[in-house]
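Excluded from the calculations below are hydrogen atoms, water molecules and symmetry mates; all remaining heavy atoms, backbone and side chain alike, are included. Letters A, B, ... mirror the listed sequences (proteins, then strands); counts begin at 1.
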Amino acid sequence: MLQVANIRENKQLVLDGLAKRNKDFSITVDEILQIDETRRKTQKQLDDLLAEANVLSKEIGDLFKSGNKEAAEPKKLRTTEIKEETKKIEVTLAELEEQQKQLLYLIPNVPHKDVVFGKTADENVEVYKWGEIPSLSEVKKPHWDIAAEYQLIDFELGVKITGAGFPVYSGAGARLQRALINFFLDEAQKAGYTEFIPPHVVNEDSGYGTGQLPDKEGQMYYIGADDLYLIPTAEVPLTNLYRDVILKEEELPIKMTGYTPCFRREAGSYGKDVRGLNRLHQFDKVEIVQLAHPSESYAILENMVDHVKGLLQKLELPFRIIRLCGGDMGFTSAMTYDFEVFSAAQERWLEVSSTSNFETFQANRLKCRFKGSDGKTQLVHTLNGSALALPRIVASLLENHQTAEGIRIPKALIPYTGFEFIRKK
RNA sequence: GGAAGGGUGGGUGAGUGGCUGAAACCAACAGUUUGCUAAACUGUCGUACUGGGUAACUGGUACCGGGGGUUCGAAUCCCCCCCCUUCCGCCA
């Protein structure tokens, strides 16, 4: 959520930035500013009345003490009057605040100045490319066929016990999952991230804190009986660890990592786009999260991008990094890099990581601040990235590394799997 | 799930209707002094909204788990909810 004060003071900058999202927010912004003005006037009016009542109350107290009860009576009357008035004003003020908040929820983050204008994914900017696209032999199988053939993942069984989008991993397939998770966590730890095992279920406040609520309510699984949500990503519990916290400047940056399963209801999309591991309701992911000083958040974003880059290189997967254009960027992000791995059998790029700087957009809702050396508190910048999401990594590993001998395990992963090839049973 | 007790500033912890935005102590920060990795002393030391001021700063309001109520006036009384602790029950 944007800060009203920021919109008020830098209206044109905000509007120009938002324009990159290929949407006009000027009407909403104007409405917010209009409400803001009324809100502040109302606030002042209320405060003045309360101040008067406070003075009177004190006087009444003094008069009572000196036994002069009659003299207190008119003052009592006035405070009663004031009270009736303030009650009305308080209601108005609460309404204004609510209206303003609802409108603010509609405004996405302002893209960073380097983010280009764009309508769709076609206008994203490729900033890096690595690896050879393997020229597979005549037998070029998509991962769902490989998964079945090698008995790694059983989609049908998942349907039986839960439903579509909940695969069952078994044998070497399960082992591969666990190997990847451990590999990613170890790499994150080496890079200085502290590992957390957070709850996989969060409350409403946490959902609002990172911005999944209210915008993406339908995306999360909701447990009505306890009013809790299944996490769609570890970003939610990890970032919320610092909700309502004021850090010391020297504590920054905070670097966190965690593995969690992720749950997404995701409606829509059909056909081969969602086949196999391409789109699931439950999947595993290792997330990296940082809370950063505003002056260094973009350097940190680059750093996180490098980290993810390293992971993909160690997994020997051809990939590209693209910087999203305004129109393709998520609601809460100020700048996002997507990582896409080329899946040789499906012959398409699969998104495996999204690494973003949210600047103060999340921090404002989270109320995560730090006290600077000048003694002032200001909002931190929050960043996060998938490092990495498993399913599409597994898909591309299976597809890109398929050989006549079996599925070749990249060198870096062998210590974790304990085998060099996945062979047919 | 049952019973009892409790939730106050970074921490410990006073405070049962006005003198309390909140004692005291600890921690932290700044300074002074003395000097061997420290002590003593002095000062500062919550957050949000809002008015005035370029700013330094300064005025006001709100907040003592959350929400409502009583009262001229509430951290303090009443009601609802949440959470924590202990005991019992259940259980991996």
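- Under the Watson-Crick or G-U wobble criterion, with both distances below 3.5 Å, rC87(B) is paired with rG2(B).
- Of the N and O atoms on the side chains of Y259(A) and N182(A), not one donor lies less than 3.5 Å from an acceptor on the other residue.
- With a cut-off of 3.5 Å on both pairing distances, the Watson-Crick or G-U wobble partner of rU61(B) is rA48(B).
- Taking atom CD1 of I89(A) as the reference point, atom P of rA62(B) lies 13 Å away to the nearest angstrom.
- Judged by Watson-Crick or G-U wobble contacts below 3.5 Å, the nucleotide rA56(B) has no partner.
- Taking atom NZ of K58(A) as the reference point, atom P of rG60(B) lies 10 Å away to the nearest angstrom.
- rA28(B) and rG21(B) have their P atoms separated by 29 Å, given to the nearest Å.
- rU76(B) is unpaired under the Watson-Crick or G-U wobble criterion, no partner having all donor-acceptor distances under 3.5 Å.
- The base of rU71(B) sits with one of its N or O atoms less than 3.5 Å from a complementary donor or acceptor on the side chain of K83(A).
- The only option from N278(A), L152(A), V394(A) that meets the side-chain contact (heavy atoms from CB on, under 4.5 Å) definition with H143(A) turns out to be N278(A).
- In this structure rG35(B) sits in no base pair that meets the Watson-Crick or G-U test at under 3.5 Å.
- Of the P atoms belonging to rU61(B) and rU54(B), the separation is 24 Å, rounded to the nearest Å.
- Centroid-to-centroid, the aromatic rings of F263(A) and H200(A) stay 6.0 Å apart or farther.
- The CZ-C1' distance, from R40(A) to rG52(B), rounds to 13 Å in whole Å.
- Taking 4.0 angstrom as the limit, R39(A) places a side-chain polar atom (N or O) nearer than this to OP1 or OP2 of rU50(B).
- Nucleic acid contact for N54(A): sugar-phosphate only, since backbone atoms but no base atoms lie under 4.0 Å from a heavy atom of the residue.
- Taking every side-chain heavy atom of K87(A) into account, rG69(B) is the closest of rU50(B), rG69(B), rA48(B).
- There is a side-chain donor-acceptor pair under 3.5 Å between S206(A) and N203(A).
- Comparing rU50(B), rG46(B), rA62(B) against the side chain of K44(A) picks out rU50(B) as the nearest.
- Between L46(A) and S57(A), the one whose closest nucleotide on RNA chain B sits nearer the 5' end is S57(A).
- Side-chain polar atoms of Q177(A) and D284(A) form a donor-acceptor pair below 3.5 angstrom.
- Remark: rG43(B) base-pairs with rC29(B). Criterion, Watson-Crick or G-U wobble with two distances under 3.5 Å.
- Taking atom P in both rG5(B) and rC77(B), one finds a spacing of 14 Å when rounded to whole Å.
- Using atom C1' as the reference point in both rG6(B) and rG15(B), the two lie 16 Å apart (nearest Å).
- Between F319(A) and Y128(A), the angle of the ring planes lies from 30° to 60°, which puts this pair in the tilted group.
- Rounded to an integer number of Å, the gap from D48(A) CG to rG52(B) P is 11 Å.
- Of the candidate nucleotides rU61(B), rC72(B), rU47(B), rC72(B) has the atom lying nearest to any side-chain atom of T80(A).
- With rU61(B), rU70(B), rG18(B) as the choices, the nucleotide that has an atom nearest any side-chain atom of F64(A) turns out to be rG18(B).
- Between K371(A) and the phosphate of rU47(B), there is a side-chain N or O to OP1/OP2 separation shorter than 4.0 Å.
- Base pairing of rG21(B): no nucleotide in any strand meets the Watson-Crick or G-U wobble criterion (both distances under 3.5 Å).
- Nucleotides rG69(B) and rA74(B) place their C1' atoms 12 Å apart, quoted to the nearest Å.
- When the P atom is used for both rG2(B) and rG60(B), the distance is 49 Å, rounded to whole Å.
- Residue K69(A) is out of contact with every strand shown, counting any heavy-atom pair closer than 4.0 Å.
- Checked against rU50(B), rU47(B), rU61(B), the side chain of R369(A) finds its nearest nucleotide in rU47(B).
- Counted by atom type alone, N357(A) and S297(A) present one or more donor-acceptor pairs between their side chains at under 3.5 Å.
- Closest to the A51(A) side chain, of the nucleotides rG60(B), rU70(B), rA62(B), is rG60(B).
- Note: CD (Q100(A)) to C1' (rA48(B)) measures 14 Å, nearest angstrom.
- Look at R8(A) and you'll find a side-chain N or O under 4.0 angstrom from OP1 or OP2 of rU50(B).
- Nucleotide rU16(B): unpaired (no Watson-Crick or G-U wobble partner with both distances less than 3.5 Å).
- Straight-line distance from the CG atom of N203(A) to the P atom of rC82(B): 14 Å, rounded to whole Å.
- N22(A) has its side chain within reach of F117(A): a pair of non-hydrogen atoms, C-beta onward, lies under 4.5 Å apart.
- Atom CD of E85(A) is separated from atom P of rC72(B) by 17 Å (rounded to the nearest Å).
- Taking atom C1' in both rG9(B) and rA27(B), one finds a spacing of 13 Å when rounded to whole Å.
- For K376(A) and rC29(B), the NZ to C1' distance is 18 Å, given to the nearest whole Å.
- A gap of 35 Å separates the P atoms of rG89(B) and rG11(B), to the nearest Å.
- The residue I82(A) sits apart from the nucleic acid: no heavy atom pair falls under 4.0 Å.
- Comparing L50(A) and K248(A) along RNA chain B, the residue whose closest nucleotide (by nearest heavy atom) sits nearer the 5' end is K248(A).
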